Visitor: 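Quick one: the structure is below, and I'll ask about it shortly.
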Amino acid sequence: PLFPAYSQAVAATAAAPSEPLHWRTFDGGIAEIGAAGYSVGNAAGNAAGAAGFCFDNETPRHRVYLQPYRLASRLATNGEYAAFIEAGGYEDPALWLSDAWDWRSAEKREHPLYWRRGGEAGRAESRGWMEFTLHGLQPLAAERPAVHLSYYEADAFARWSGARLPSEAEWEHAAAQRAREFGQLFGEAWQWTSSSYSPYPGFQPAAGAVGEYNGKFMVNQYVLRGGSCATPDGHSRASYRNFFPASACWQFSGIRLARDGP
């Protein structure tokens with residue numbers, strides 16, 4: 001209720017203009033995803049062939065078949081998400097999955113968790129919204145990535161945009177192939193995928209307590225990829241699999257749109 005500021009540094013009231021959204025095209029075909037080199041009972045492994053730590057749920061490395069697809073070159077912005085709200089996105093059940101609409105109705109959700117009305121409606125930057133941030137309550141920065149969104153909200157926004165959420169295999173394949181062509185892969189927001197959090201083919205939980213860290217949560221969760229401003233450097237890698245229930249929105253979770261290929 002008091003909107004405390006975690007950081008006492010002066011917050012920027014506006015962000016640099018976001019780059020125009022472009023669609024990066026991928027031919028699909030057979031691809032390899034996951035980390036390689038992990039052995040049960042030993043936390044040492046490597047991600048995508050490079051030496052380094054990985055968690056057991058990133059293994060084993062395996063082949064998948066991908067249809068041609070396209071990914072957005074950047075994350076969806078606050079301004080774009082505000083347009084979704086202003087277009088009646090939270091009032092149109094056709095945009096929401098059945099379980100998502102039940103959640104939206106029960107929570108009486110009409111906007112992202114940390115957004116509040118009360119900004120300067122005449123300013124293009126705030127569009128009448130305030131956002132609770134690490135700097136406290138601030139005018140909504142339209143060019144910044146939209147964060148603290150649930151899977152339900154991300155999916156509805158994607159459908160309204162004429163797009164969809166990427167699968168985790170598409171996201172990792174694109175990140176490994178064309179990382180330099182994408183903005184905000186790591187360090188801005190975790191990105192929801194359409195993939196349920198389930199074991200990779202051949203996955204075996206490690207024995208003992210370490211085996212309970214990931215395997216036991218492989219139910220009723222969705223995978224997020226990338227990393228946020230709160231992610232340690234050692235966790236920023238293409239194979240890392242974050243996971244949360246579809247209704248969770250307190251973490252730095254955002255949206256990268258996807259479409260089927262030509």
Side-chain angles (χ1 to χ4, degrees), residues 1-6 75-121 126-142 144-168 188-198 216-231 241-258:
L2 300 179
F3 301 110
Y6 171 80
L75 303 183
T77 66
N78 282 330
E80 290 165 343
Y81 200 86
F84 165 67
I85 298 174
E86 292 161 7
Y90 277 80
E91 307 303 322
D92 185 355
L95 296 173
W96 298 74
L97 297 168
S98 177
D99 193 52
W101 185 252
D102 290 344
W103 169 83
R104 189 217 67 83
S105 300
E107 295 284 332
K108 297 181 173 56
R109 191 62 61 87
E110 297 178 348
H111 52 73
L113 177 62
Y114 295 132
W115 288 27
R116 298 289 184 271
R117 286 288 189 185
E120 300 175 38
S126 65
R127 303 181 76 158
W129 289 103
M130 302 289 285
E131 182 181 20
F132 179 39
T133 72
L134 294 178
H135 300 283
L137 198 62
Q138 300 287 329
L140 185 73
R144 295 190 188 280
V147 295
H148 303 300
L149 300 172
S150 68
Y151 173 86
Y152 293 144
E153 292 167 307
D155 179 79
F157 173 83
R159 190 170 289 109
W160 175 79
S161 302
R164 60 176 174 82
L165 298 178
S167 70
E168 65 169 321
E188 290 282 354
W190 288 101
Q191 296 146 55
W192 284 107
T193 75
S194 61
S195 298
S196 296
Y197 179 53
S198 59
K216 68 184 299 183
F217 295 105
M218 290 177 172
V219 61
N220 296 334
Q221 314 251 17
Y222 280 88
V223 175
L224 301 93
R225 292 304 191 103
S228 76
C229 62
T231 304
R241 305 176 78 199
N242 201 351
F243 52 91
F244 278 98
S247 61
C249 43
W250 55 264
Q251 76 280 19
F252 292 94
S253 51
I255 306 169
R256 185 180 299 275
L257 297 175

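Quantities reported herein were computed from a predicted structural model and do not represent experimental measurements.
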Visitor: Which heavy atom of Ile255 sits nearest to which heavy atom of Leu165, and what is that distance?
Guide: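 Reported closest heavy-atom pair: CG2-CD2, 4.0 Å.
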
Visitor: Under a 3.5 Å distance rule, please check whether Ser161 uses its side chain to pair with a backbone N or O of Ala163 as donor and acceptor.
Guide: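 No.
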
Visitor: Just verifying a value: how many Å separate Leu137 CG and Met130 CE, rounded to the nearest 0.5 Å?
Guide: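 Rounded to the nearest 0.5 Å, the CG-CE separation comes to 4.0 Å.
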
Visitor: Could you walk me through whether Phe84 and Glu153 satisfy the side chain to side chain contact (heavy atoms under 4.5 Å, CB included) test, starting with their C-alpha distance in whole Å, then the side-chain angles of each, then the deciding distance to 0.1 Å, before giving a yes or no?
Guide: CA-CA 10 Å; Phe84 165 67; Glu153 292 167 307; 6.0 Å; no

Visitor: Report yes or no: do Tyr152 and Asp99 form a side-chain donor-acceptor pair below 3.5 Å?
Guide: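 Tyr152 vs Asp99: donor-acceptor pair found between side chains.
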
Visitor: How far apart are the closest heavy atoms of Ala246 and Ser150, and which atoms are they?
Guide: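 Ala246 and Ser150 have their closest heavy atoms at O-CB, 3.3 Å.
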
Visitor: Against Tyr151, only a single residue in Trp190, Trp192, Phe244 fulfils ring pair (Phe, Tyr, Trp, His ring centres under 6.0 Å); can you say which?
Guide: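 Among the candidates, only Trp192 passes.
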
Visitor: Just verifying a value: how many Å separate Ser198 OG and Gln221 CD, rounded to the nearest 0.5 Å?
Guide: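 Nearest 0.5 Å value for the OG-CD distance: 11.5 Å.
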
Visitor: Under 3.5 Å, sequence neighbours excluded: what are the donor-acceptor pairs made by side chains of residues 103-113?
Guide:
residue, atom, partner, partner atom, Å
Arg104, NE, Tyr90, O, 3.2
Arg104, NH1, Tyr90, O, 3.4
Arg104, NH1, Arg109, O, 3.1
Ser105, OG, Trp101, O, 2.9
His111, ND1, Trp115, O, 3.3

Visitor: Please evaluate residues Gln138 and Glu131 with respect to the criterion side chain to side chain contact (heavy atoms under 4.5 Å, CB included), reporting the C-alpha separation (whole Å), side-chain torsions for both, the decisive distance (0.1 Å), and the verdict.
Guide: CA-CA 5 Å; Gln138 300 287 329; Glu131 182 181 20; 5.8 Å; no

Visitor: Is there any salt bridge (Lys or Arg N to Asp or Glu O under 4.0 Å) pair reaching into residues 77-97, and which pairs are they, with sequence neighbours excluded?
Guide: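 Qualifying pairs, neighbours excluded: Arg74-Glu80, Glu86-Arg127.
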
Visitor: Would you indicate whether the side-chain heavy atoms of Trp129 and Arg116 approach each other to under 4.5 Å?
Guide: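 Arg116 vs Trp129: side chains apart.
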
Visitor: Please report the interatomic distance CZ(Arg164) to CZ(Arg159), rounded to the nearest 0.5 Å.
Guide: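 Arg164 atom CZ to Arg159 atom CZ measures 12.0 Å (nearest 0.5 Å).
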
Visitor: Any chance CG of Asp102 has more than 12 other-residue heavy atoms, nucleotides or ligands included, within less than 6.0 Å?
Guide: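 Atom CG in Asp102 is crowded, with more than 12 foreign heavy atoms closer than 6.0 Å.
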
Visitor: Mind listing the closest non-hydrogen atom pair of Val147 and Ala189 along with its distance?
Guide: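 Nearest pair, atom of Val147 first, then Ala189: CG1-CB, 3.7 Å.
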
Visitor: Taking salt bridge (Lys or Arg N to Asp or Glu O under 4.0 Å) as the cut-off, I'd like each qualifying pair that reaches into residues 217-230, sequence neighbours left out, listed once.
Guide: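 As it turns out, the salt bridge (Lys or Arg N to Asp or Glu O under 4.0 Å) pairs with a partner in residues 217-230, which skip direct neighbours, are Glu168-Arg225, Glu172-Arg225.
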
Visitor: Ring centres of Tyr222 and Phe243 under 6.0 Å apart?
Guide: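 Ring centroids of Tyr222 and Phe243 are no less than 6.0 Å from each other.
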
Visitor: Main chain of Leu224, side chain of Asn242: is a donor-acceptor contact present, judged purely on distance under 3.5 Å?
Guide: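 It does not hold such a pair.
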
Visitor: Which residue, Tyr114, Tyr6, Trp250, forms the ring pair (Phe, Tyr, Trp, His ring centres under 6.0 Å) with Phe132?
Guide: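 Output: one option passes, namely Tyr114.
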
Visitor: When rounded to the nearest 0.5 angstrom, what distance separates CG in Leu149 from CG in Asp155?
Guide: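 It is 12.0 Å, given to the nearest 0.5 Å.
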
Visitor: Does Ser167 reach the main-chain N or O of Ser195 with its side chain, forming a donor-acceptor pair under 3.5 Å?
Guide: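 Flag not set: sc Ser167 to bb Ser195 has no pair under 3.5 Å.
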
Visitor: Does any N or O in the side chain of Ser228 come within less than 3.5 Å of the main-chain N or O of Phe252, such that one atom is a donor and the other an acceptor?
Guide: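 Judged by distance alone, no pair lies under 3.5 Å.
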
Visitor: For the atom pair CG (Leu140) and CG (Asn78), what is the distance rounded to the nearest 0.5 Å?
Guide: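 Those atoms lie 4.0 Å apart.
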
Visitor: Just verifying a value: how many Å separate Leu75 CG and Glu188 CD, rounded to the nearest 0.5 Å?
Guide: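 One gets 7.0 Å once the value is rounded to the nearest 0.5 Å.
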
